[in-house]
4 protein chains.
Amino acid sequence: MTDSDADVLRFEPDAEGDPSKLAYTFGGFEPLVSVRPGTVVSTWTMDCFAGRVRSTADMVSEVCDPRFLNPQTGPFYVEGAEPGDTLAVHFRSITPRESRGVSSTVPLFGALTATPFTAMLHPALPERTWVYEIDTGAGVVRYDALDSPYQVDLPLDPMHGTVGVAPALGEVRSSLTPGSWGGNMDTPEMRTGTTCYLGVNVPGALFSLGDGHARQGEGETCGVAVECAMDTTLVIDLIKGGPPTPWPRMEDDAFIMTTGSTRPLEDAFRIAHTEMIRWVQQLTGLSDTDAYQFVTQTALTPIANVVDTNYTVVTKVAKRFLPDIPVMHDIHARWRRP
Amino acid sequence: MTDSDADVLRFEPDAEGDPSKLAYTFGGFEPLVSVRPGTVVSTWTMDCFAGRVRSTADMVSEVCDPRFLNPQTGPFYVEGAEPGDTLAVHFRSITPRESRGVSSTVPLFGALTATPFTAMLHPALPERTWVYEIDTGAGVVRYDALDSPYQVDLPLDPMHGTVGVAPALGEVRSSLTPGSWGGNMDTPEMRTGTTCYLGVNVPGALFSLGDGHARQGEGETCGVAVECAMDTTLVIDLIKGGPPTPWPRMEDDAFIMTTGSTRPLEDAFRIAHTEMIRWVQQLTGLSDTDAYQFVTQTALTPIANVVDTNYTVVTKVAKRFLPDIPVMHDIHARWRRP
Amino acid sequence: MTDSDADVLRFEPDAEGDPSKLAYTFGGFEPLVSVRPGTVVSTWTMDCFAGRVRSTADMVSEVCDPRFLNPQTGPFYVEGAEPGDTLAVHFRSITPRESRGVSSTVPLFGALTATPFTAMLHPALPERTWVYEIDTGAGVVRYDALDSPYQVDLPLDPMHGTVGVAPALGEVRSSLTPGSWGGNMDTPEMRTGTTCYLGVNVPGALFSLGDGHARQGEGETCGVAVECAMDTTLVIDLIKGGPPTPWPRMEDDAFIMTTGSTRPLEDAFRIAHTEMIRWVQQLTGLSDTDAYQFVTQTALTPIANVVDTNYTVVTKVAKRFLPDIPVMHDIHARWRRP
Amino acid sequence: MTDSDADVLRFEPDAEGDPSKLAYTFGGFEPLVSVRPGTVVSTWTMDCFAGRVRSTADMVSEVCDPRFLNPQTGPFYVEGAEPGDTLAVHFRSITPRESRGVSSTVPLFGALTATPFTAMLHPALPERTWVYEIDTGAGVVRYDALDSPYQVDLPLDPMHGTVGVAPALGEVRSSLTPGSWGGNMDTPEMRTGTTCYLGVNVPGALFSLGDGHARQGEGETCGVAVECAMDTTLVIDLIKGGPPTPWPRMEDDAFIMTTGSTRPLEDAFRIAHTEMIRWVQQLTGLSDTDAYQFVTQTALTPIANVVDTNYTVVTKVAKRFLPDIPVMHDIHARWRRP
């Protein structure tokens, strides 16, 4: 399937002016644009710092307003989306907008530091900022140590850390938090070529996205990836009715994937694995215990993040172990470009 | 480096007779054999059920004695090993001894069930046993559903779930538990071609191994992999002195790896990542915050198990991001056969 | 201090009509009434099931709509309240409105069952409903077993499970969840004679309350206390400026108390204890380590709940160990009736 | 019941000489003395630092050997004790041996600091030592701040932090760790007048005790209570057969109590509460759900410690809610002195 420029909806976020106009929550914001299912959208996202961290001298705690972290592009109102449906978002391309990304340590944020929730008596670790040169042609980002001459090129692997819809039960959740609505899952699997499935909780779904990463490790240990603004082309599609999607799922050419986001981390694991077992059962008709056994021997289980207000675990099963079984009405295959 | 048959020490575990003669703990058993560092050992291990589960009609709770689960081959006394040294165990080959492996659900054991520790009021899930045909020539194990005709071949990927030494502080720990001494880590990374590094806590280290898996998924969700007896050839070597190895590490041709085993799972993550940061610092001379940043962007973080009495997380960093830096005195490269 | 009827503001929740008109979130609802600091308010609250569970034949999963659980009375707009201020709510009386309370097991809810977060493969535990006769004169509630003739009178100890304000960062949170804004903390300390301190996050604070319990055990193990509608008289007061109150605090005649609400439970503990250490430092001028030591030897630490979407721990220090030190401008002493 | 001096077995630990001769593990040590069930034992215990911390200038990390922390008096071999039996230990008196107790912060140990398990990148908190004057006549210990003149008398409440038997499955566990065998539970409920019930795992039970505290708060937040040597008189008795005691239980004149010791803290809670539900069922014949409901409304749930290698939660139910029901063959009433 191809699409000419004429078929592509261009959406420009209003990022130049007042940051308070952008969306910092899932739920709680009026939709900015309405799209029909199957629309190809071309847009861009600000980095999680709203562009305010520009050099190794810029400290997050000094240049950023905590109320305006992780701005989202959207929300998009998806026509016809109703609670119980499943939104399908296919990432056709995710490309850094600039030739630099930034990372940092942020006081009392991250996996290996005291935080407001893992509350301790330690003073904060030192606050530092790193700048990564991004070479999209060579497909690398350059790690450049601050305190020694160590440099090394790492593979560019652009992704969106934050992708989600309005939550259920009338809740409004910060764009810093992941959960059943998606949000700040921070998984590197959310890259070009992946389709993300999100259960719809409110009419129109109210989808938004942001938090581009030029790359990240699994766990996002210090809490901050190689953050950058992104040019992104995505397809927003809809699966009406059918079995619900209680937690976000993903699919790429090789894997089906489930997620769980909560605390402690073993509960995030339990969610992701029960979701995978239920999905495998839907696909194969396996019994409860047969599906439990199948997933036990086939799952890959990379940790996504252990730094956000909820932690995220991903579970993957290779589609080659599920031969000739259509997944989610083949929606991924339909939108996947060769 | 090659070794003739003459150089190989054959060690035969006394598995035919009284199961109470085998080792079921790390620590607490007298060494059965003494080896010089650098010895190539050929041996074999029983499966975790001591061979008592033979068909889909054999239920673990009926055929196994809970005192005699997960028998270990060893302990090996390593000559010259002293507290503070590091044992290096290179797995040259791990091959199923038989053409079948077994898996099962065990009452109140596993990640998605109430257990004696995650104590609940639910009755146990149904107890079932699966048998997998192993085709070492084709390199596959066959999943065969019990309640429907679903069958699929999965890649054979033999490994040892349990590898360890005597613990510190005079403790003796069940072979069902992983920790700083190694033990039942249940990571699929412990395969042919991997070198495992274990800190020595007592004179002679008292190394043993067992719990062969023809394959497992990450997390070992139901608590039982494709269990089988293994023929294993390994090199037992020793690094005298040097920086200590507080938690087990691994190395293969592509990655250095650390482990953490505790509860909750986020603490296992924290151990594995702090260990990786300290290791990267030793290798590169990076400062604390630079190493924190480096690992944040480069780590892979597969979960090993969420089912044992402690949970295990593995952290991996690609050696290509650490170019031309010798790791652990190049001991892996020395023993690695092309 | 006394107050005549003329000084008491009567607020009648609109509970008779459409349940969708009541508040089910903290944040997200317009205030229904405005009060000046120091106002004595007389009002009442529905039970957490909105009165729909009336007999042992009423099952929560059949008679309740999950969107309309735990209705709150409010929100109250507190005049002059600004972010950074501290709301003080003193409970002058909490009295069951009816002569019966109810409790129940709810499928996949509670501490000793699989839940949507501690996701497992178990079917739900049996759903049951208990009815407790409440004798306010004798001060008892009667436990009456369903499956045997066992009966026993337990002390009546009325309290509010849910007390809170609008959260920070534009979030809107379900009334089933506790956190830094208060909410569903489910601590029996929130009884007659207690003053609760809540940090203000939005102009007017937007205070509401509900979820009356005739009594509960510490932990609220099955997830449901002895639930009943309550007649409540409270004083709503305000502390302008001063040190912030990041997590809810309480005070009664004998103790100062802090709370932490998150997962895992040890992090809730860590929050409550660091908050207590900081509070003790403000009161006494003790150094960091001296306050750490003081709290270590003096704290009582009852668990409040391990069943809600966040778990709550309370930490108490006796005021007799802090002699002659005014707490929170003596606001508790001022409103406390002899 | 009374006992003359002639009936009392005096046991003198060999604490004056080589500390390596004392017991630092549960399991792994030969019994030092054999007692018949019903024996009244008079003995004493060293403090957890083996007496090496004597003044505010003594830092634990400098004066103590980590291999010789928390020495235990025992093990006692209890004649006739077999696996499946229950040991009953009644504390008749626990009295500080000296007029001073000590507390301290220990690097990377405690609830509000990074530890080897909650591994972080923070440097250790400052190491300090406090000395408490103990006035047994007045029944107080004096808190004396190091950095300011703040002093306050706290109630003397002597207890044993560590009480246990040899573990199951051939394990040997450090005296710093609590678990199903008892060990370092650090609950203030283990005071004069309490009877502790411990399941027997090996012939003779191999009971030992230590870690006297002049008092502690619930949670033992900084990891160290008011530590002191104790003169203790206890009755060691035995319940043959009967329902097993999988986790330690306690009883005093007012309460029956269960314990759970593991991580995360919610799992310790789950153990303690399921144990209480099972115990209540044994005592009352209540059905599963009726007992779940009863405990939900009656339990008190103080946290014992969140600092040891496992965390401990205690659950208490008042005996007045279980009228006229004999507990554990009335063994507590029999040994309880008026």
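So that the names make sense, note that chain A is the first sequence line, chain B the second, and so on, each numbered from 1.
- With a threshold of 4.5 angstrom between heavy atoms, Leu322(C) approaches chain D through its backbone and through its side chain.
- The shortest heavy-atom contact between Gln216(D) and Pro188(D) is NE2-CD, 3.8 Å.
- Contacts between residues 250-267 of chain C and chain D, counted as heavy-atom pairs separated by less than 4.5 Å, involve Pro264(C), Leu265(C), Glu266(C).
- With chain D as partner, the option from Thr301(C), Leu300(C), Val306(C), Val313(C) having the largest number of non-hydrogen pairs under 4.5 angstrom is Thr301(C).
- For Phe269(C), the part lying near chain D is the side chain, with the backbone staying farther off; criterion is any non-hydrogen pair under 4.5 Å.
- Heavy atoms of Asp153(D) lying under 4.5 Å from chain C belong exclusively to its backbone.
- Residue Arg215(D) touches chain C through both its backbone and its side chain, counting heavy-atom pairs closer than 4.5 Å.
- For Val152(C), the part lying under 4.5 angstrom from a heavy atom of chain D is the side chain only.
- Note: Gln293(C) leads His213(C), Gln293(C), Glu220(C), Arg270(C) in heavy-atom pairs under 4.5 Å with chain D.
- Here the CD1-CG distance, from Ile325(D) to Leu283(D), works out to 6.0 Å after rounding to the nearest 0.5 Å.
- Proximity to chain C is limited to the side chain of Thr105(D), based on heavy atoms less than 4.5 angstrom apart.
- Looking at Val224(D), the atoms closer than 4.5 Å to chain C (heavy atoms on both sides) all sit in the backbone: N, CA, C or O.
- Residue Thr315(D): no heavy atom, backbone or side chain, is found under 4.5 Å from chain C.
- Contacts between Phe294(D) and chain C at a heavy-atom distance below 4.5 Å involve backbone atoms as well as side-chain atoms.
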